Amino acid sequence: MIKRRLAREIEIGGVKIGGKQPISVQSMTNTETADWKATLGQIRRLEKAGCELARVALNTEGALKALPELVKRSPLPLIADIQFDWRMAIGALKAGVAGLRLNPGNLRRDWQVKAVVEEAMPRKVPIRVGVNAGSLDQRMLKKYHGPSAEAMVASALKEIGLLEDLGFEWIKVSLKSSDVVETVRAYQLLAKRVAYPFHLGITEAGARLRGAVLSAMGIGILLSQGIGDTIRVSLSAPPEDEVRVGWMILSGLGIRRRGVEVIACPTCARAEFDVMKNAEALERKLAGIRKPLRVAVMGCIVNGPGEARVSDLAAVGTARGAQLYVRGKKVKVIPSRELVPTLVKLAEEFEDQS
Ligand code: SF4
């Protein structure tokens, strides 16, 4: 049982973050925000994949212009990602975004931070202080001899202080680096210093496989220690994949489940059908199912019946064909070529029962 760090609770467009609230999954669009139709299409795909908060980069005047339409039509609460321009933050707030991500230290003047806070405060729009090891200021890098955990924490505390001095406490914090060990250490250190909720992620983690592995390590270690309130897996891949990996991390730790988990054996010479091909086809075809469902695809009777008994649906290879299990009970043997359509049909029936 994981003992969770009890962070202060905030709310982003109806999604509660911190305290004992469910750990939410978020992602970021990679379309041109200015192209609101393409961005909205991606947000809808993210929502289907299980995303709960969507972030969009606010990098151009065109992006700012597209924002009201996106806010109006988005099925998910929107967070605007601001880098240096305080006017973009003000514009985003006026357009109705539910959250902001910025580094107060990147805004050049104190009055600019104040202007943003004055717009965010009455709207109860939280601000994520997003510290990134790749963009720490030179003084921090010099003082701490590089982008260490200590440098990230000191930078976060400084940025948090700028907001607190203005009486603003709807804060969420992230400390991202591509170094898993330093990232984990940074969050652990900051957890001892502040009570704000944490957004977890490993930045620039890489393409699908490397990114998923590094994210699962970093985010998984922290969540298993009770640290973290919302997660974003960063992959150089379609953002829907980030969401899928995010859910796999949460379900792997027994924290939250959503959609179908396809359990498949690694296969060996004993396999009675092509486990890999069938498992991949099932993952693809069952991606739209929202109800938590465990589907096992096992090559033979060595480990198959054991997995089948603890799964909602299962197919186990036998010399006569695929033995089908429903809710742990043997149902019938079907030809292996019917395995995918049969399990898809049964999974859809499970979804309809909800
Ligand atoms: S379940 Fe059977 S086929 Fe699959 S890895 Fe184990 S022994 Fe091999």
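Start at 1 with the first residue, then count along the sequence. This structure is a prediction, so every number in the text was calculated from the model and none was measured. Both counts, for ligands and for their atoms, begin at 1 and track the order of listing.
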Original post:
Is there a donor in the side chain of Arg55 and an acceptor in the side chain of Thr29, or the other way round, less than 3.5 Å apart?
Top reply: no
**OP:** Check atom 8 (Fe) of ligand 1 and write out every protein N, O or S atom at under 2.8 Å, as residue and atom.
**Re:** Cys268 SG
Subject >> Closest non-hydrogen atom pair between Arg5 and Pro197, with its separation >> reply: NH1-CA, 4.4 Å
Original post:
Does CZ in Arg270 sit with more than 12 non-hydrogen atoms of other residues, nucleotides or ligands closer than 6.0 Å?
Top reply: no
Original post:
Would you say the side chains of Thr230 and Gln26 form a donor-acceptor pair under 3.5 Å?
Top reply: yes
Original post:
What pair of heavy atoms forms the shortest contact from Gly211 to Leu235, and how long is it?
Top reply: C-CD2, 3.4 Å
Subject >> Exercise: identify the closest heavy-atom pair between Val15 and Ser24 >> reply: CG1-CB, 4.1 Å
